[in-house]
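Read the structure below first, then the notes.
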Protein chains: 2
Amino acid sequence: MTTDLGDDPLALDRQVCFALAVAARSVIGLYRPLLEPMGLTHPQYLVMLALWEREPRSVKDLSTTLQLESATLSPLLKRLEAARYVTRRRSADDERLLVVELTDAGRALRDEAEKIPYAIVERLAMPVSELEDLHASLTRVITAATSQG
Amino acid sequence: MTTDLGDDPLALDRQVCFALAVAARSVIGLYRPLLEPMGLTHPQYLVMLALWEREPRSVKDLSTTLQLESATLSPLLKRLEAARYVTRRRSADDERLLVVELTDAGRALRDEAEKIPYAIVERLAMPVSELEDLHASLTRVITAATSQG
DNA sequence: CCTTAATAGTTAGCACACTAATCAATAGTG
DNA sequence: CACTATTGATTAGTGTGCTAACTATTAAGG
């Protein structure tokens, strides 16, 4: 028994993957002008969010938390280090681990960043409840897609 | 009056942008093993979907439809041409326009692609109704984010 | 111990995706 | 008709994001 996806399963305007890709790019585009004065890209912002929550963290820890390959994080973290927002050093306990820590400048950036979520919600001009519904729905998709892709 | 976003507006697990980015990457990752035997990446697949719907299309047309910059599409279309799935030629009416058309091989690929949506829905193991809700929700976000970002 | 396997990061290479700059063709205006 | 602005596409440069191959460290087994 196959699922019924209508007469044209390849119709572009029905593809969830297309809507996901466009929505992600659109929303990230909303962050661009807000992050640019802080000298951050969106993925760098996500790393900073993780570090503002808990610090220090290893690359492995960031990789698990942000669902990014260490191959992606490596150069990104080097750019954050060049921007003087983080430091990178090997752990004394386990020299395989690279420990990422915020600098004072990186910690100070948090105050500035506090404004961003409000600015985004304002620009989206959507009820917060609908954003919460969307978030819950996305979480279910992530679980489904990563459980045994 | 400011919107109430709770006690920590920067909490990673509440960021819709984070959920959007992870969901998009996760779902696109689901397509990878299905598209790889066809020699397509996910953005290339979206271009093919657009062309299977209507053909020929200019780069400008694809740019509007897929919400991608022509700077992104230019090299992508050259790769699709190298793979013998499309042809590229200047329009006779308006030589600014580059006309993209499917080859026979590109058109034939559609039969193979028909299976993909069903394979994805099966892998996601989510009710189609919930995917439809998500799609509607994403469409509203896209409208909100692109209306006057 | 010593070999072997597992783990953590880095590097290289490919493919988006964006901005900015450029170029050619067309459209609009005096 | 000539001048200018607009439009459509390409190129260059930066920054993800992936896989695969590699190095170094640690853990596990005989």
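Chain letters run A, B, ... following the sequence lines, proteins first and then strands; every chain starts at 1. Atom set for the values below is all heavy atoms of this structure, side chains included, hydrogens, waters and symmetry mates excluded.
Here the side chain of A/S147 pairs a donor or acceptor atom with the backbone of A/A144 at under 3.5 angstrom. Here the side chain of A/R84 pairs no donor or acceptor atom with the backbone of A/A105 at under 3.5 angstrom. Side-chain N or O atoms of A/E55 include one that pairs as donor or acceptor with a backbone N or O of A/L102 at under 3.5 Å. Formation of a donor-acceptor pair under 3.5 Å by the A/H42 side chain with backbone atoms of B/A21 is not found in this model.
Between B/D8 and A/R110 there is a salt bridge, with a side-chain nitrogen of the basic residue lying less than 4.0 Å from a carboxylate oxygen of the acidic one. Salt bridge A/R54/A/D61: present, at least one basic N to carboxylate O contact under 4.0 Å. Salt-bridge annotation for B/R90 and B/E95: absent, with no side-chain N of the basic residue lying under 4.0 Å from a carboxylate O of the acidic one.
Applying the side chain to side chain contact (heavy atoms under 4.5 Å, CB included) rule to B/R96 yields the partners B/D94; only residues at least two apart in sequence or on another chain are considered. Under the rule for a salt bridge (charged side-chain N to carboxylate O under 4.0 Å, His left out), the partners of B/R89 that lie at least two apart in sequence or sit in another chain are B/E101. Partners of B/R25 by salt bridge (charged side-chain N to carboxylate O under 4.0 Å, His left out), not counting sequence neighbours: none found.
If you check every strand for non-hydrogen atoms under 4.0 Å, B/L76 touches sugar and phosphate atoms only. Within 4.0 Å of B/E69, counting heavy atoms only, lies at least one base atom of the nucleic acid.
Hydrophobic clustering, with ILVMFWY side chains joined whenever heavy atoms are under 4.5 angstrom apart, groups B/M48 together with B/L30.
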Could you go through nucleotides 4-9 of chain D and list every protein N or O atom that sits under 3.5 Å from one of its N or O atoms, giving the distance for each pair?
| unit_1 | atom_1 | unit_2 | atom_2 | d |
| --- | --- | --- | --- | --- |
| D/dT7 | O2 | B/R96 | NH1 | 3.3 |
| D/dG8 | O3' | B/R96 | O | 3.2 |
| D/dA9 | OP1 | B/V59 | N | 3.3 |
| D/dA9 | OP1 | B/L98 | N | 2.8 |
| D/dA9 | OP2 | B/K60 | N | 2.4 |
| D/dA9 | O3' | B/R90 | NH2 | 3.4 |

Quiz prompt | For DNA chain D, the dot-bracket pattern of Watson-Crick and G-U pairs whose distances stay under 3.5 Å, | for other-strand partners | solution = ||||||||||||||||||||||||||||||
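Heavy-atom nearest nucleotides on DNA chain C were determined for B/Q67 and for A/K78, and the one closer to the 5' end corresponds to A/K78. When each of A/H42 and B/P75 is assigned the nucleotide of DNA chain D bearing its nearest heavy atom, the one mapping closer to the 5' terminus is B/P75.
Atom CD in A/E36 sits roughly 15 Å away from atom P in D/dT14 (whole-Å rounding). What separates CG of B/L73 from C1' of D/dT10 is a distance of 12 Å, to the nearest Å. Between A/E95 atom CD and D/dA27 atom P there is a gap of 12 Å when expressed in whole angstrom units. Taking atom CZ on A/R32 and atom C1' on D/dG15, their separation rounds to 10 Å, with Å as the unit.
Bracketed by its first and final contacts, the part of DNA chain C lying under 4.0 Å from non-hydrogen atoms of chain A reaches from C/dT7 to C/dC18 in 5' to 3' order.
Residue A/Q44 has a polar side-chain atom (N or O) positioned under 4.0 Å from OP1 or OP2 of D/dT16. Regarding contacts with the backbone of D/dC18, a side-chain N or O of B/R25 is found under 4.0 angstrom from either OP1 or OP2.
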